[in-house]
Number of protein chains: 2
Amino acid sequence: MHPNRSLVLDSFGKPAFLKPMRDAKPDKEESPKKVAAAKRPDGVRRPDAARIPGASVHTSLASEIGLRIVRGDYPPGTILPNEAKWSETFSVSRSAVREAIKMLMAKSLLASRPKIGSWVEPRERWNLLDRDVLAWYATSPDREVFLKTVQEFRHIIEPEATAFAAMRRTDEQMAEISQACREMGEATSLQERTRADTRFHLAILRASGNDLLVPLGVLIESAFDHLFTYTTRAVDDLNHAQKLHEAIEKNIRLQRPDAARAAVRKLLANTDHVIKSR
Amino acid sequence: MHPNRSLVLDSFGKPAFLKPMRDAKPDKEESPKKVAAAKRPDGVRRPDAARIPGASVHTSLASEIGLRIVRGDYPPGTILPNEAKWSETFSVSRSAVREAIKMLMAKSLLASRPKIGSWVEPRERWNLLDRDVLAWYATSPDREVFLKTVQEFRHIIEPEATAFAAMRRTDEQMAEISQACREMGEATSLQERTRADTRFHLAILRASGNDLLVPLGVLIESAFDHLFTYTTRAVDDLNHAQKLHEAIEKNIRLQRPDAARAAVRKLLANTDHVIKSR
DNA sequence: TTCCCGTGTATTGTCAGACAATATTGCTTT
DNA sequence: AAAGCAATATTGTCTGACAATACACGGGAA
């Protein structure tokens with residue numbers, strides 16, 4: 001396999017291959033004309049043919065560049081290589097590059113001006129709560145720190161959200177919550193269970209009656225994704241967790257905000273423990 | 001002034017004019033060829049000349065389309081007019097349309113596939129905590145509801161964030177907080193004061209030591225923006241608020257999480273009161 | 001009939017090349 | 001030395017073309 005190949009995989013869907021011709025850090029140009037395509041033995045696919053169906057070029061590019069930025073390859077304030085450069089580096093058209101960059105601008109990772117170029121925005125402007133940015137962010141530092149940060153955030157959000165849900169849920173929303181809780185118990189695989197678990201917590205956020213809480217669901221999804229991937233759990237641990245979930249469900253159903261909040265705190269404490277004893 | 005002119009003004013910066021040739025709701029096509037440019041009296045600017053320097057075409061377009069989506073013109077699941085259509089409607093190139101759409105896709109307002117078109121994503125996927133989306137969202141329902149939602153969110157976030165800040169702030173971060181607090185007191189105009197106020201709260205979020213809390217600053221900015229615009233405040237009210245801020249500053253400085261949290265709750269209660277007695 | 005399969009077609013995806021707008025940089029002129 | 005002016009590099013915008021895709025429809029076969 002080609003040494004310089006980099007794999008990108010995130011919420012956009014299918015994995016996407018994208019291979020820089022040569023690694024493009026802050027590099028001074030030295031090309032006299034352009035790398036002359038040179039020898040390409042039959043059977044070896046051309047660089048630009050290295051795309052996988054299911055992910056468009058601009059999307060893959062956005063992932064690649066976005067990941068590099070979040071990872072710290074180009075610190076805030078840095079001027080990125082210009083569009084023509086990216087275009088050449090990845091053997092894609094300038095339009096594709098521009099669309100990728102526009103996506104990153106929409107996430108406030110970048111900004112640009114004519115004659116200047118595109119530069120990395122200061123970190124505090126980054127939209128870290130964006131699905132993709134969060135995914136990139138999750139890969140860069142060690143997972144421990146990331147999980148701890150997310151979990152701390154859950155401690156802030158979920159108890160209150162659940163209390164609101166207990167006060168304002170509709171019957172329909174309650175049905176969703178109850179069903180997810182039931183399906184958690186009946187799940188036969190850990191993956192199935194995790195999915196129901198996620199649905200459970202997202203349903204609570206929706207039932208909270210505050211529109212602004214809903215987008216925070218991406219955090220929960222991300223947390224569970226990591227939890228599912230990097231921890232193993234014993235059977236009686238799962239049983240215990242199930243009981244904690246049922247307590248939450250019950251208190252929302254009976255419309256007891258304080259009890260619901262307390263129940264969530266218990267569940268989170270349990271999750272903390274699972275993480276700690278990883 | 002042209003009747004169909006729509007004004008777009010949001011975080012992108014300068015206001016941008018963009019005038020659809022004709023209002024483009026779900027419209028059945030009837031054009032035999034294309035509107036033939038027809039009579040355009042001298043002195044009347046052409047439609048595509050209606051741009052204001054400082055806002056690019058794709059950015060303005062993104063604002064216009066994004067606003068329409070959030071406002072509910074195209075409910076979730078709706079297939080949008082295709083790129084060629086937008087291009088014609090606004091007299092811009094297809095590239096510009098595509099870049100605008102890519103930005104909205106990056107905010108999860110849209111998704112698209114070849115042969116299908118672009119459709120509006122379900123509301124719960126929208127990145128409401130994005131600066132621009134929030135700005136669009138703030139315009140659509142009545143402001144009362146919006147302010148109430150944001151304020152409720154602040155009640156969830158800020159007390160805890162401040163408690164963390166009291167525990168983990170660095171001296172440098174403390175200096176920022178203190179300075180903002182001081183400048184609030186010394187401000188001579190309400191606008192100046194509001195800006196310092198905003199800086200104060202943002203500095204606390206940054207000092208909380210949890211990266212994920214920082215992006216929530218956009219909410220505070222948005223809240224203050226609306227508070228500043230739609231409420232008036234008496235002098236002794238401001239004095240009282242200043243004291244509340246100073247209490248927060250002091251408790252963070254003395255590293256008393258619980259007291260800091262309580263102080264923030266007091267301030268928020270005060271703000272609630274200002275809003276209610278609007 | 002009913003089901004399967006290919007073929008048509010509308011739409012986004014991608015590419016290439018050109019020119020415009022813009023703000024920095026350095027040079028020239030006073 | 002200072003101020004204005006020109007050269008220049010980069011994004012912004014437009015045009016036109018073709019590729020990839022997946023739905024819709026019609027035709028053929030069981």
Side-chain angles (χ1 to χ4, degrees), chain A residues 12-14 16-18 28-29 34 46-63 65 78-106 110-121, chain B residues 12-14 16-18 28-29 31 34 37 46-63 65 78-106 110-121:
Chain A
F12 288 130
K14 309 287 163 44
F17 290 99
L18 222 52
K28 270 299 181 277
E29 184 53 344
K34 177 181 285 194
R46 295 191 330 282
D48 50 1
R51 284 204 342 264
I52 292 287
S56 51
V57 171
H58 56 260
T59 298
S60 309
L61 243 189
S63 292
I65 301 179
T78 307
I79 304 252
L80 291 186
N82 63 35
E83 296 172 352
K85 188 84 185 178
W86 286 119
S87 169
E88 190 196 323
T89 307
F90 290 105
S91 317
V92 298
S93 73
R94 204 186 137 208
S95 338
V97 173
R98 281 185 61 79
E99 289 177 6
I101 288 183
K102 287 294 160 295
M103 293 203 272
L104 298 179
M105 288 173 66
L110 289 183
S112 64
R113 286 225 237 126
K115 163 65 190 169
I116 307 293
S118 304
W119 60 89
V120 179
E121 287 273 55
Chain B
F12 288 129
K14 308 288 160 46
F17 290 99
L18 221 53
K28 270 301 181 275
E29 182 54 342
S31 80
K34 177 181 289 196
R46 294 193 328 284
D48 49 1
R51 282 205 342 264
I52 292 287
S56 52
V57 171
H58 56 259
T59 297
S60 309
L61 243 188
S63 292
I65 301 179
T78 307
I79 304 254
L80 291 185
N82 63 36
E83 294 173 353
K85 188 84 184 178
W86 287 119
S87 169
E88 191 195 326
T89 306
F90 290 104
S91 318
V92 298
S93 74
R94 207 187 134 206
S95 342
V97 172
R98 281 184 61 79
E99 289 177 6
I101 288 183
K102 287 293 159 297
M103 293 203 272
L104 298 179
M105 289 173 65
L110 290 183
S112 65
R113 286 225 236 125
K115 163 65 189 170
I116 307 293
S118 304
W119 61 88
V120 179
E121 288 274 54

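Just so it is clear: chains get the letters A, B, ... in the order the sequence lines come, proteins before strands, and each one is counted from 1.
- Taking atom CH2 on Trp119(A) and atom P on dA23(C), their separation rounds to 11 Å, with Å as the unit.
- No side-chain heavy atom of Leu61(B) sits under 4.5 Å from any side-chain heavy atom of Glu99(B).
- Rounded to whole Å, atom C1' of dT11(D) lies 12 Å from atom CD1 of Ile79(A).
- The interatomic distance linking Ile101(A) (CD1) with dT10(D) (P) rounds to 13 Å, in whole Å.
- Here the side chains of Glu83(A) and Ile101(A) are in contact, with some heavy-atom distance below 4.5 Å.
- We find that NZ of Lys85(A) is positioned 14 Å from P of dA9(D), with the value rounded to whole Å.
- With contacts defined as side-chain heavy-atom distances shorter than 4.5 Å, the pair Lys102(A)/Arg98(A) qualifies.
- Listed pair Ser112(B) / dG13(C) meets the phosphate criterion, a side-chain N or O lying under 4.0 Å from OP1 or OP2.
- Straight-line distance from the CZ atom of Arg94(B) to the P atom of dT14(C): 11 Å, rounded to whole Å.
- Phosphate contact (OP1/OP2 of dG12(D), side-chain N/O of Lys102(A), threshold under 4.0 Å): present.
- Of the candidates dA16(C), dT14(C), dC14(D), the closest approach to any side-chain atom of Ser95(A) belongs to dA16(C).
- At least one donor-acceptor pair closer than 3.5 Å links the side chain of Ser60(A) to the backbone N or O of Ser56(A).
- The shortest distance between side-chain heavy atoms of Lys85(B) and Val97(B) does not fall below 4.5 Å.
- The distance from atom CH2 of Trp86(A) to atom P of dT10(D) is 14 Å, rounded to the nearest whole Å.
- In this model, the phosphate group of dG13(C) is approached by a side-chain N or O of Arg98(B) to a distance below 4.0 Å at OP1 or OP2.
- Comparing dT11(D), dC15(C), dG13(C) by their closest approach to the side chain of Pro114(A) singles out dT11(D).
- The residue among Ser93(A) and Ala84(B) whose nearest nucleotide of DNA chain C lies closer to the 5′ end is Ala84(B).
- If you take CG of Asn82(A) and P of dA23(C), they are 18 Å apart, rounded to a whole angstrom.
- Nearer to the 5' terminus of DNA chain D, by closest-nucleotide assignment, is the contact made by Ile116(A) (compared with the other of Glu99(B) and Ile116(A)).
- Residue Lys115(A) places none of its side-chain N or O atoms closer than 4.0 Å to OP1 or OP2 of dG12(D).
- Put simply, the side chain of Arg113(A) and the base of dG12(D) share no donor and acceptor less than 3.5 Å apart.
- Taking atom CG of residue Leu61(B) and atom P of nucleotide dG12(D), one finds them 14 Å apart after rounding to whole Å.
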